[in-house]
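Note that the structure is a prediction, hence the values are computed from the model and not measured. Chain A is the first sequence line, chain B the second, and so forth, proteins listed ahead of strands; every chain is numbered from 1.
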Amino acid sequence: MDETFTLLPLHLDPTSKAITSPNDTTLTPHLSTLHTLHRTLLSLPSQIPPPPFPTNPKRSAQIQKMRDQGNASFKPKATAHPAQAQAHEAIKLYTYGLEMALGRPSWEPSQLVREEASALFANRAQAYMAVKMWAEGAADAETSVELKRGPGNAKAWWRRGKCLVEMGRWEEAGEWVRQAVEVEGEEKELVELGKEIEAHFRQVER
Amino acid sequence: MIDLIGLAVPFAYLGILGGSLATFFSLYKKRKAAKSTSLEPWFGPHVQRNIYLSLLHLEPQPGQEKATPVPDSILKAALLQRATEDIRRILAIKATKPPLSQLLSRGSVGDELWQRLLRAEKEMEAELRDVVEEANALATNWGQTIFQSAHEMVQNEIVREKVAEIQAKGKSDREWWDKERASIQSKFMRELDGAKPAETSKGAASGGVNSDEDAVLVEGGGPSGSRSGSRGGTGKKKKSKK
């Protein structure tokens, strides 16, 4: 078994060096991923991916910069209410940051991608909430939670709960907050949101 | 004379017994070997491995004397793809083994399934050694890091899939919310004439229990919707349209 393999009908174009399989179309998706991987490898000095650690700090610095800029434009010290335009500017900056975080070469540490993207999604959720785009805020907060499971992401949990409440999806919000308390423990914000939801249900019952 | 015949009987007995045991044993072994080789493989065909090896053994095109040599960079990419598939398979085996062994000890699954998994595991060990050797042949010391890279590639793929999935769900949520909001709004407009006191009191109650920390966000959104239902509804639409 170890020494055998199935010879596939592959064809190498002598000039473009593209691999095709004219007779077997089931191979096409595999060959196209091979092709894109090949293209990215060609840009590397030795044409092999460097080991995951240590990572080039350049991209992380850029992502951090986008996040800081977004935070700065979102939280002006003079006014308590972030203006609509400022929130939209922050959303744009966070989105740039996310593109950079998710566009990281695939062989670089996935843990890093998770951490950076999770923080950016949580921030963007907050910015969406400021302009009352609840559906987007809920999705971003959920993405943030999904990327960073385990305690330490209470804000993202709270944000999705709040967004669901704002959209009137009380049942879903109740379930979400219950899960959140399980993961994050008795966080003050979460407990209060839970109480708010309970109060709503009591009101409905009456 | 009598002694010899008397001795022959037990010897013949022993000979027949030993012979039958030996034939039985060899037959049993042969059957078992045949059975284990005929076991269905745990995984389907390893396409990435086949692609890599096919590239190594690329046959010349009709009309050509020799096959065009495959550039090293393509081989490297193909090997990396092969390594990622290996990682996926190893993860699958690792995830399956403990629950399957539990099922086996309880007798819920047959021994055959277990044998298939063990065989797949052994094959993967050989496959990993093979890939490391190939990697070292393509680039010095690549064998030490190729699986680290491949592992991150698999994990990153999972991360990106999850992000895409939830964000897509968010998009459809958005469409739902747009419709929902429009319907709520039209309801408010109808109620505008004979405003019901029940609506306002409900909103005020839900807006009342807010902590200090979320005050920034809630002041931007919550109270405007809860203070007076109809005004909040129209305000929402104006702001989001900007």
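Proximity to chain B is limited to the backbone of A:Pro50, based on heavy atoms less than 4.5 angstrom apart. Contact of B:Leu58 with chain A is made through the side chain alone, with heavy-atom distances under 4.5 Å. If you measure heavy-atom distances from B:Lys162 to chain A, the contacts under 4.5 Å come from the side chain alone. Both the backbone and the side chain of A:Leu102 have a heavy atom closer than 4.5 Å to some heavy atom of chain B. With a 4.5 angstrom heavy-atom cutoff, A:Thr6 touches chain B via backbone and side-chain atoms both. Of the two parts of A:Leu44, neither the backbone nor the side chain holds a non-hydrogen atom closer than 4.5 Å to a non-hydrogen atom of chain B. With a 4.5 angstrom heavy-atom cutoff, A:Ala141 does not touch chain B via any of its atoms. For a residue to count as touching a neighbouring chain, one of its non-hydrogen atoms must lie under 4.5 Å from one of that chain's; by this rule A:His35 does not touch chain B. Using a 4.5 Å cut-off between heavy atoms, B:Ala78 contacts chain A through both its backbone and its side chain. The contact between B:Gln48 and chain A is made entirely by side chain atoms (from C-beta outward), counting heavy-atom distances below 4.5 Å. For B:Pro69, the part lying under 4.5 angstrom from a heavy atom of chain A is the backbone only.
Residues A:Pro51 and B:Thr145 approach most closely at CB-CG2, 3.6 Å, considering heavy atoms. When all heavy atoms of A:Phe5 and B:Ser54 are compared, the pair lying nearest together is CE1-N, 3.7 Å. Across all non-hydrogen atoms, the minimal contact from A:Ala135 to B:Gly170 is CB-O, 4.4 Å. Between A:Leu12 and B:Pro71, the shortest heavy-atom contact is CD2-CD, 4.4 Å. The two residues A:His38 and B:Ser73 make their nearest non-hydrogen contact at NE2-OG, 2.7 Å.
No more than 12 heavy atoms of other residues, nucleotides or ligands lie within 6.0 Å of CZ in A:Arg39, so this atom counts as exposed by the packing criterion. Within 6.0 Å of CZ in B:Phe147 there are more than 12 heavy atoms belonging to other residues, nucleotides or ligands. Within 6.0 Å of CD in A:Glu171 there are 12 or fewer heavy atoms belonging to other residues, nucleotides or ligands.
Side chain of B:Asn156 to backbone of A:Pro109: no donor-acceptor contact under 3.5 angstrom is found. Under the 3.5 Å distance criterion, the side-chain polar atoms of B:Lys76 are left unmatched by any main-chain donor or acceptor of A:Pro49. The backbone N or O of A:Ser110 lies less than 3.5 Å from a partner atom in the side chain of B:Glu152, making a donor-acceptor pair.
In summary, A:Glu136 and B:Lys171 do not engage in a salt bridge, as defined by a charged side-chain N under 4.0 Å from a carboxylate O.
Here the CD1 atom belonging to B:Ile166 is positioned 9.5 Å from the OG atom belonging to A:Ser144, to the nearest 0.5 angstrom. Within the model, atoms CG of B:Asp173 and CE of A:Met167 stand 5.5 Å from one another, a figure rounded to the nearest 0.5 Å. One distance of note links CD of A:Gln47 with CH2 of B:Trp142; it measures 10.0 Å at 0.5 Å rounding. How far CD of A:Glu108 is from CE of B:Met153: 12.0 Å, rounded to the nearest 0.5 Å. Atom CD1 in A:Ile19 sits 4.5 Å away from atom CD1 in B:Ile74 (nearest 0.5 Å).
Cation-pi geometry between B:Arg181 and A:Trp134 is not met: the NZ or CZ atom fails to fall both under 6.0 Å from the ring centre and inside 45° of the normal.
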Margin query: Using the rule given for side chain to side chain contact (heavy atoms under 4.5 Å, CB included), can you reason through A:Gln111 versus B:Gln155, listing the C-alpha separation, both sets of side-chain angles and the distance that settles it, and then say yes or no?
Written below: CA-CA 8 Å; A:Gln111 200 50 42; B:Gln155 296 301 326; over 6 Å; no
Margin query: Show, in sequence, the C-alpha distance, side-chain angles and deciding distance for B:Arg160 and A:Arg104, and conclude whether the side chain to side chain contact (heavy atoms under 4.5 Å, CB included) test is met.
Written below: CA-CA 11 Å; B:Arg160 283 171 181 80; A:Arg104 198 180 267 287; 4.1 Å; yes
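At least one side-chain heavy atom of A:Glu142 sits under 4.5 Å from a side-chain heavy atom of B:Lys169. In this structure the side chain of B:Trp177 never reaches within 4.5 angstrom of the side chain of A:Glu166, judged on heavy atoms.
For the residue pair A:Asp140 / B:Gln167, a side-chain donor-acceptor distance below 3.5 Å is found, with atom types taken as modelled. In summary, the side chains of B:Gln81 and A:Thr33 do present a donor paired with an acceptor at a separation below 3.5 Å, with no hydrogens or angles considered.
Checking A:Leu8, A:Leu7, A:Leu10 one by one against B:His57, the side-chain contact (heavy atoms from CB on, under 4.5 Å) holds for a single residue, A:Leu7.
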